[in-house]
Amino acid sequence: MSKKILVVDDEQSIATLLKYNLEQSGYSVTTAHDGAEGRDLAIEQSPDLIVLDLMLPSMDGIEVCKELRQRKINIPILMLTAKDDEFDKVLGLELGADDYMTKPFSPREVVARVKAILRRSQAIRETEPAAEEPTDYKEVGELKVYPEQYEAYFQGELLELTPKEFELLLYLTDNKGRVLTRDQLLSAVWNYDFAGDTRIVDVHISHLREKIESNTKKPTYIKTIRGLGYKLEEPKNR
């Protein structure tokens, strides 16, 4: 069964172009042309991924993203932004978008980005809830990560994570104690084989810290290694 993609863009030509190219790659595509319609279709149809324009009538992309995440709808979101909307890009990522691309873009690159996001998140939809408490987990301090269930717990509480946040946390856990550069994280978690925008990594690291650090200014789990990148380690004062 083909993956379902929802494209939300008020420019008819762009929506049609994306629909054509995604369908040529084997996806089933629905389009919407304003934010409220896109939000409603996302809730009703539960697509596998949303391509979401930032500037939309009725509700902008950030509001759509925010509302879906507040409803605990963690469908991966690829946000489309105008070239100079730097603040909005970061805000969109902070509110739960998994990635963004700037206009103008190559339809081919959009398809590649969609494939990369879906590769990393499809296990979430395919994994059935475990009948018994899973035993296969990775533990760092009071953090437990269950790869097969796509779940993470901190101090016994289930963390509400987007697919990309979970993938990042899992990769950090797999490489506990190792310094990982932003480019390494971008390549491993976002599957980018080209030079991407490492601010994506910084925003997602910040989001994770908000969920597992008691003081985000003085993190004890995810450490910044100045000039290099990040490292997940056991907190020293437990």
Q: Return the minimal non-hydrogen interatomic distance between Y137 and P147, and the atom names on each side.
A: CA-CD, 4.3 Å
Q: Distance check, rounded to the nearest 0.5 Å: L208 atom CG versus L161 atom CG?
A: 6.5 Å
Q: If we ignore angles and hydrogens, is there a donor and acceptor under 3.5 Å between the side chains of E167 and Y150?
A: yes
Q: Closest heavy-atom contact between A15 and H33?
A: CB-CE1, 3.8 Å
Q: Give a yes or no on whether the backbone of A42 and the side-chain of S46 come within a donor-acceptor separation of less than 3.5 Å.
A: no
Q: Assess the residue pair I212 and I222 against the criterion (side-chain contact (heavy atoms from CB on, under 4.5 Å)); give the C-alpha distance rounded to whole Å, side-chain angles, the decisive distance to 0.1 Å, and a yes or no.
A: CA-CA 9 Å; I212 67 172; I222 304 175; 4.0 Å; yes
Q: For N175 and Y230, test the side chains for any donor-to-acceptor distance below 3.5 angstrom and give the result as yes or no.
A: no
Q: Which heavy atom of I200 sits nearest a heavy atom of H204, and at what distance?
A: O-ND1, 3.0 Å
Q: Would you say the side-chain atoms of T173 pair up with the backbone N or O of L169, donor to acceptor, closer than 3.5 Å?
A: yes
Q: Heavy atoms only: give me the nearest D34-P57 pair and the separation to one decimal.
A: CB-O, 3.5 Å
Q: Please determine whether a side-chain nitrogen of the Lys or Arg among K176 and E233 lies less than 4.0 Å from a carboxylate oxygen of the Asp or Glu.
A: no
Q: Distance-only, no hydrogens or angles: does the S187 side chain make a donor-acceptor pair with backbone N or O of D183 under 3.5 Å?
A: no
Q: Going by heavy atoms in the side chains, are D48 and I75 under 4.5 Å from each other?
A: no
Q: Verify, without hydrogens or angle tests, whether K236 (side chain) and T220 (backbone) share a donor-acceptor contact under 3.5 angstrom.
A: no
Q: Between L17 and V111, is there shared hydrophobic-cluster membership here, with clusters defined by ILVMFWY side-chain heavy atoms closer than 4.5 Å?
A: no
Q: Assigning hydrophobic clusters by single linkage (Ile, Leu, Val, Met, Phe, Trp, Tyr; side-chain heavy-atom cutoff under 4.5 Å), is V8 placed with I43?
A: yes
Q: Among residues at least two apart in sequence or on other chains, which ones pass side-chain contact (heavy atoms from CB on, under 4.5 Å) with Q24?
A: Y20
Q: Minimum heavy-atom separation for V64 and G35, please, with both atom names.
A: CG2-O, 3.5 Å
Q: Test of understanding: clusters of I, L, V, M, F, W, Y form through side-chain heavy atoms closer than 4.5 Å, transitively. Do F166 and V203 belong to the same one?
A: yes
Q: Do K144 and Y153 form a cation-pi contact, if we require the NZ or CZ to be under 6.0 Å from the six-membered ring centre and within 45 degrees of the ring's axis?
A: no
Q: Going by the rule salt bridge (charged side-chain N to carboxylate O under 4.0 Å, His left out), which residues pair with D40 if we only count those two or more places apart in sequence or in a different chain?
A: none
Q: Honestly curious: do L49 and F105 fall in one hydrophobic cluster under the side-chain, below-4.5 Å linking rule?
A: yes
Q: Would you list the pairs meeting salt bridge (charged side-chain N to carboxylate O under 4.0 Å, His left out) in which at least one residue belongs to residues 68-81, sequence neighbours left out?
A: E67-R71, R69-D98
Q: Using a 4.5 Å cut-off on heavy atoms from C-beta on, say whether the side chain of L170 contacts that of K138.
A: yes
Q: Salt bridge (charged side-chain N to carboxylate O under 4.0 Å, His left out) with E37: which residues, sequence neighbours excluded?
A: none
Q: Is there a side-chain contact (heavy atoms from CB on, under 4.5 Å) between L172 and L185 once you walk through the steps?
A: CA-CA 9 Å; L172 288 167; L185 292 168; 4.3 Å; yes
Q: Taking side chain as C-beta onward, heavy atoms only, is V140 less than 4.5 Å from F154?
A: no
Q: Side-chain contact test, heavy atoms from C-beta onward, threshold under 4.5 Å: evaluate it for R178 versus Q184 and give yes or no.
A: yes
Q: Show your working on side-chain contact (heavy atoms from CB on, under 4.5 Å) between M79 and C65 and close with a plain yes or no.
A: CA-CA 9 Å; M79 190 168 279; C65 185; 4.2 Å; yes
Q: Heavy-atom count check: over 12 atoms from other residues, nucleotides or ligands less than 6.0 Å from K19 NZ?
A: yes
Q: Measuring from atom NZ of K4 to atom CG of L6, what distance do you get when rounded to the nearest 0.5 angstrom?
A: 10.0 Å
Q: Walk me through it: do L22 and V7 pass the test side-chain contact (heavy atoms from CB on, under 4.5 Å)?
A: CA-CA 10 Å; L22 287 164; V7 174; 3.9 Å; yes
Q: Could you state the interatomic distance from CG (L118) to OH (Y27), rounded to the nearest 0.5 Å?
A: 5.0 Å
Q: Nearest 0.5 Å, please: how far is CG in L80 from OG1 in T102?
A: 9.5 Å
Q: Which residue pairs satisfy the salt bridge (charged side-chain N to carboxylate O under 4.0 Å, His left out) criterion with at least one member in residues 203-217, sequence neighbours excluded?
A: E165-K211
Q: Quick one: closest heavy-atom pair of A32 and L41, and the distance?
A: CB-CD1, 3.8 Å
Q: Are the side chain of Y221 and the backbone of E142 linked by a donor-acceptor contact shorter than 3.5 Å?
A: yes
Q: Would you indicate whether the side-chain heavy atoms of P76 and K164 approach each other to under 4.5 Å?
A: no
Q: Once rounded to the nearest 0.5 Å, what's the spacing between atom CG of L78 and atom CZ of R113?
A: 6.5 Å
Q: For E157, look at atom CD and say whether over 12 heavy atoms of other residues, nucleotides or ligands are found less than 6.0 Å away.
A: no
Q: Please examine the side chains of V114 and V51, heavy atoms only from C-beta on, and report whether any two atoms are closer than 4.5 Å.
A: yes
Q: With the side chain counted from C-beta on, respond yes when I5 and S28 share a heavy-atom pair under 4.5 Å apart, and no when they do not.
A: no
Q: Counting N and O atoms only, with roles assigned by atom type, does the side chain of S106 sit under 3.5 Å from a partner on the main chain of R108, one being a donor and the other an acceptor?
A: yes
Q: Which pairs count as salt bridge (charged side-chain N to carboxylate O under 4.0 Å, His left out) when at least one residue sits in residues 51-61, sequence neighbours excluded?
A: D53-K103
Q: When rounded to the nearest 0.5 angstrom, what is the spacing between CG in L158 and CD in E160?
A: 6.0 Å
